[in-house]
Every structure is written in C-alpha cells, then in structure tokens.
Amino acid sequence: MSRPSGLVMRLPIELFDMVFQHLRTAELNAFAQTAHFARAMTIQRMYSYIVFRNSPTNKVLGLLHNLWKNKTLALYVVHLELDWIGKSDESVNVASKLAAVLPMLRNLVHLTVSKAIEIYTWAFDAVTLPSLRELHAHQPLNASFLDRHPQLRKASIMLPTFGREPYADTNLSELEVLSLINPRGDSNDLLRICSDGNPRPNLRRIDWQSHGQNLTPSDMTRMQKVASYVRQVNYLDENVAIRNFVLNPPWESVVRIGLRIPRQTSSSRFFEQHLAGFVRQSCLSFPNIHTVDLLSDSEESLSPFQMTTIKRSVKVLRDVHQVLTVTGDGMTYERKGRNGSFVACQR
C-alpha cells in the first residue's frame with residue numbers, strides 16, 4: 001500500500017464520510033486497498049451495511065467466515081441481508097456458519113434472510129440479538145425467536161404451516177410494521193402473535209399475503225381487533241380477488257391502503273373485477289382513506305388497457321386525495337385531488 005500525501009491527510013474526516021455515502025461497496029473496497037489509512041477509514045463502513053442478493057453460496061460462506069474470525073468486524077455489522085443461490089446441502093453449511101456468527105452480531109439492527117435457508121431455520125433457535133429492530137424472515141422461524149425479541153419494530157414473518165409450532169404467547173408490543181406471509185390464509189395467527197388480543201397502539205401498518213386464500217369478513221374483523229390503531233393496510237396477493245364485503249364496523253383508523261396489481265398475463269375481465277372489488281371495499285370499509293397505492297412487482301410496464309382501467313375505476317374514489325400507481329419498470333403515476341389526471345412523477 002502506498003503512503004498518503006500530506007494534503008490527503010489534512011482533509012477533514014467529515015469530508016471522507018460525505019464521499020463514502022455515494023460509493024458502492026466495490027468502490028469502497030478499491031479505495032481501502034490504496035493505503036493503510038484508507039483501509040482503517042473504510043472498513044467499518046463496508047461492514048456496517050452488508051447486502052448479498054442472489055449471491056453464490058461460497059461468497060456468503062466467505063463473509064460469515066470473516067465475521068467469525070474477527071469479532072471486531074462482527075461488531076461493525078448493523079444491516080445484514082443474505083440471499084444466496086445453491087444446493088440444499090450448501091444451505092446446511094450456511095445455516096451452521098450463521099448459527100455461529102449471529103450471537104457475535106451484538107449491534108445488528110436489520111436482518112433479512114431469504115427462503116434459501118429452507119428448512120434449516122434451527123440456526124436461529126438459540127440466538128438473541130439485543131439490538132435487532134427489523135426482521136425479514138421468509139421461512140418460518142421457531143416461535144421462541146420472537147419471544148426473545150420483544151423490541152422488534154418491523155417484522156416480515158412467514159407463518160408456520162400445518163404440523164409446525166404456531167406462534168403463540170408472543171408479546172411484540174413495540175411492533176410498528178407487520179408483514180404476514182401466510183401459506184394457510186388463517187388470520188388467527190395475527191392473534192397468536194399478539195397473544196392477549198389487546199390493541200397494539202404502536203402498530204401502524206399491516207401487509208397481508210395469504211398465498212391463494214381470499215380474505216373474508218372474519219379475517220378482517222380479527223385483524224381489526226388487534227390493529228385498531230393501524231393507519232395503513234396492504235394486500236400483497238396479486239392473483240386473489242378481494243371479496244365484495246363491507247366491514248362492520250368500518251376500519252376507521254386506516255387512511256392508506258394498497259393492492260398488488262395482477263400481472264399482464266391475467267385476463268382483462270379478471271383485472272377489472274379484481275380492481276373493482278378493491279375500489280368498492282375501499283370506499284365502504286375504510287371511510288377515512290386519503291391515499292390508495294396500486295403496486296406492481298412485475299418487470300413489465302403496465303399495458304394501455306391496465307392504465308385505462310385504473311383511471312376509470314379510481315374515479316369512484318372521489319374523497320381520496322392521492323392515488324399512486326407503481327409499475328414494474330420503476331415508473332410511478334400519481335393522481336392528486338379528486339378529479340386530477342394521472343401524471344408520471346419521481347418518487
């Protein structure tokens with residue numbers, strides 16, 4: 001490594017921090033190789049925010065091995081997202097290394113582990129992360145993991161399937177955002193997560209994905225029971241029509257709702273029915289909404305037919321101040337006011 005010039009050494013640390021905010025991890029790593037002082041300045045930033053998406057298993061194992069060897073590096077980690085591509089027997093190796101590393105991450109605030117972990121969620125069974133505030137788990141975790149983390153503020157949870165231990169006797173009283181990924185479509189699990197059935201005053205947003213099960217009035221009533229303070233509700237099942245029912249009593253605390261738009265492969269008739277049912281329920285069941293989000297995670301942009309249908313359908317939402325349509329190609333269309341037109345906008 002080269003020796004830094006006097007001019008570089010006289011620059012204020014705050015200036016480097018401002019520059020580092022605009023560099024990718026690979027660029028930070030390249031800078032760290034230029035001099036010993038550069039490595040010392042960047043190493044904490046590089047390890048504080050770690051994101052692996054669709055990464056080879058060997059890269060994930062290499063990262064975990066480095067953290068396991070160096071306790072100082074492990075203490076730097078604040079944000080960790082792990083997603084990898086590999087065979088099932090390789091996921092076992094990741095789970096084993098993860099079980100050894102997680103207890104070392106004392107300052108970890110955000111943890112995302114993809115469904116690549118498969119059935120090997122025993123990696124979390126004996127782990128307590130004292131600083132954890134945000135969890136996104138795409139496979140069912142042992143219920144005791146939630147018991148040990150009552151401080152969670154945001155959580156995306158895959159609910160257990162039949163034959164597995166349900167989430168019971170958990171007291172996530174600090175939760176502000178809860179995303180339920182439920183392969184059974186059984187909303188009783190929301191009551192199990194909030195086991196005493198009392199309203200959660202901190203819970204402000206619920207995302208619901210039931211994998212093919214239509215939401216029923218009883219589902220919504222159960223959710224309303226423990227989420228009477230919720231301000232935002234999102235339905236994330238794009239291929240499930242919301243039944244045309246009206247909540248009684250209406251969910252008055254909700255001011256923002258969202259629906260996932262069906263993919264273009266869906267028939268035009270299904271798209272219209274899907275959207276029409278959503279609009280009707282929105283008007284009657286959520287009388288105080290002011291914002292509607294129509295969401296698409298498809299990589300394709302919306303077709304002219306879909307945009308026309310959206311514009312026609314949302315005219316019913318006369319009291320809604322804002323309608324946002326987020327398309328798969330990154331475009332966002334916004335309607336402001338009761339009679340405004342849709343315009344592309346930057347979000």
Side-chain angles (χ1 to χ4, degrees), residues 60 64 67-68 74-75 77-84 88 91-203 205-211 222-223 225-227:
V60 175
L64 295 175
L67 295 175
W68 179 72
L75 291 175
V77 182
V78 175
H79 183 113
L80 179 62
E81 297 182 37
L82 293 180
D83 180 29
W84 62 92
S88 181
S91 292
V92 175
N93 297 331
V94 173
S96 298
K97 187 64 72 174
L98 197 59
V101 169
L102 282 176
M104 302 168 61
L105 306 181
R106 307 296 295 175
N107 297 316
L108 186 66
V109 174
H110 176 118
L111 175 62
T112 297
V113 178
S114 77
K115 60 183 178 182
I117 194 73
E118 297 184 2
I119 62 174
Y120 309 114
T121 54
W122 42 258
F124 300 88
D125 286 356
V127 174
T128 300
L129 301 168
S131 300
L132 191 65
R133 295 295 183 272
E134 185 167 350
L135 169 69
H136 301 281
H138 299 284
Q139 291 288 1
L141 301 182
N142 191 303
S144 62
F145 184 86
L146 297 181
D147 294 339
R148 295 192 300 275
H149 297 86
Q151 77 277 11
L152 280 171
R153 301 288 179 84
K154 297 181 180 180
S156 300
I157 302 171
M158 168 72 82
L159 297 174
T161 54
F162 286 115
R164 297 195 59 169
E165 177 186 6
Y167 293 135
D169 300 325
T170 57
N171 185 24
L172 301 177
S173 58
E174 300 299 315
L175 267 183
E176 298 173 0
V177 178
L178 175 61
S179 298
L180 292 174
I181 308 168
N182 192 344
R184 293 182 295 178
D186 181 4
S187 62
N188 280 320
D189 280 300
L190 180 61
L191 293 180
R192 295 187 184 106
I193 290 174
C194 303
S195 57
D196 57 12
N198 292 326
R200 291 294 185 262
N202 294 317
L203 189 58
R205 170 178 158 185
I206 292 179
D207 298 337
W208 182 264
Q209 186 171 359
S210 59
H211 287 280
R222 291 189 187 102
M223 285 167 38
K225 180 179 180 181
V226 296

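Of the possible donor and acceptor atoms, one in the side chain of Q151 sits under 3.5 Å from a partner among the backbone N and O of L132. Listed for the R148 side chain is a donor-acceptor partner under 3.5 Å among the backbone atoms of D125. A donor-acceptor contact shorter than 3.5 Å is absent between the side chain of E174 and the backbone of L152. Side chain of T121 to backbone of L141: no donor-acceptor contact under 3.5 angstrom is found. For the pair S131 (side chain) and L108 (backbone), a donor-acceptor distance under 3.5 Å is absent.
Taking 4.5 Å as the limit, every side-chain heavy atom of W122 sits out of range of all side-chain heavy atoms of I117. Looking only at side-chain heavy atoms (C-beta outward), L67 and M104 stay at 4.5 Å or farther from each other. Side-chain contact between Q139 and I119: absent, with no pair of heavy atoms (C-beta onward) separated by less than 4.5 Å. For the pair S144/F124, no side-chain contact is recorded, criterion being any heavy-atom separation below 4.5 Å from C-beta on. A heavy-atom distance below 4.5 Å is not found between the side chains of L98 and Y120. Side-chain atoms of I157 and L146, non-hydrogen and from C-beta on, do get closer than 4.5 Å to each other.
With values rounded to the nearest 0.5 angstrom, S114 atom OG is found 10.5 Å from E81 atom CD. Distance check, rounded to the nearest 0.5 Å: NZ of K154 to CG of L178 gives 13.0 Å. Distance check, rounded to the nearest 0.5 Å: OG1 of T128 to CZ of R106 gives 8.0 Å.
In this structure, a donor-acceptor pair under 3.5 Å is absent between the side chains of T112 and H136.
Closest approach of A116 and W84 over heavy atoms only: CB-O, 3.4 Å. In terms of heavy-atom proximity, A95 sits nearest to A123 at O-CB, 3.4 Å.
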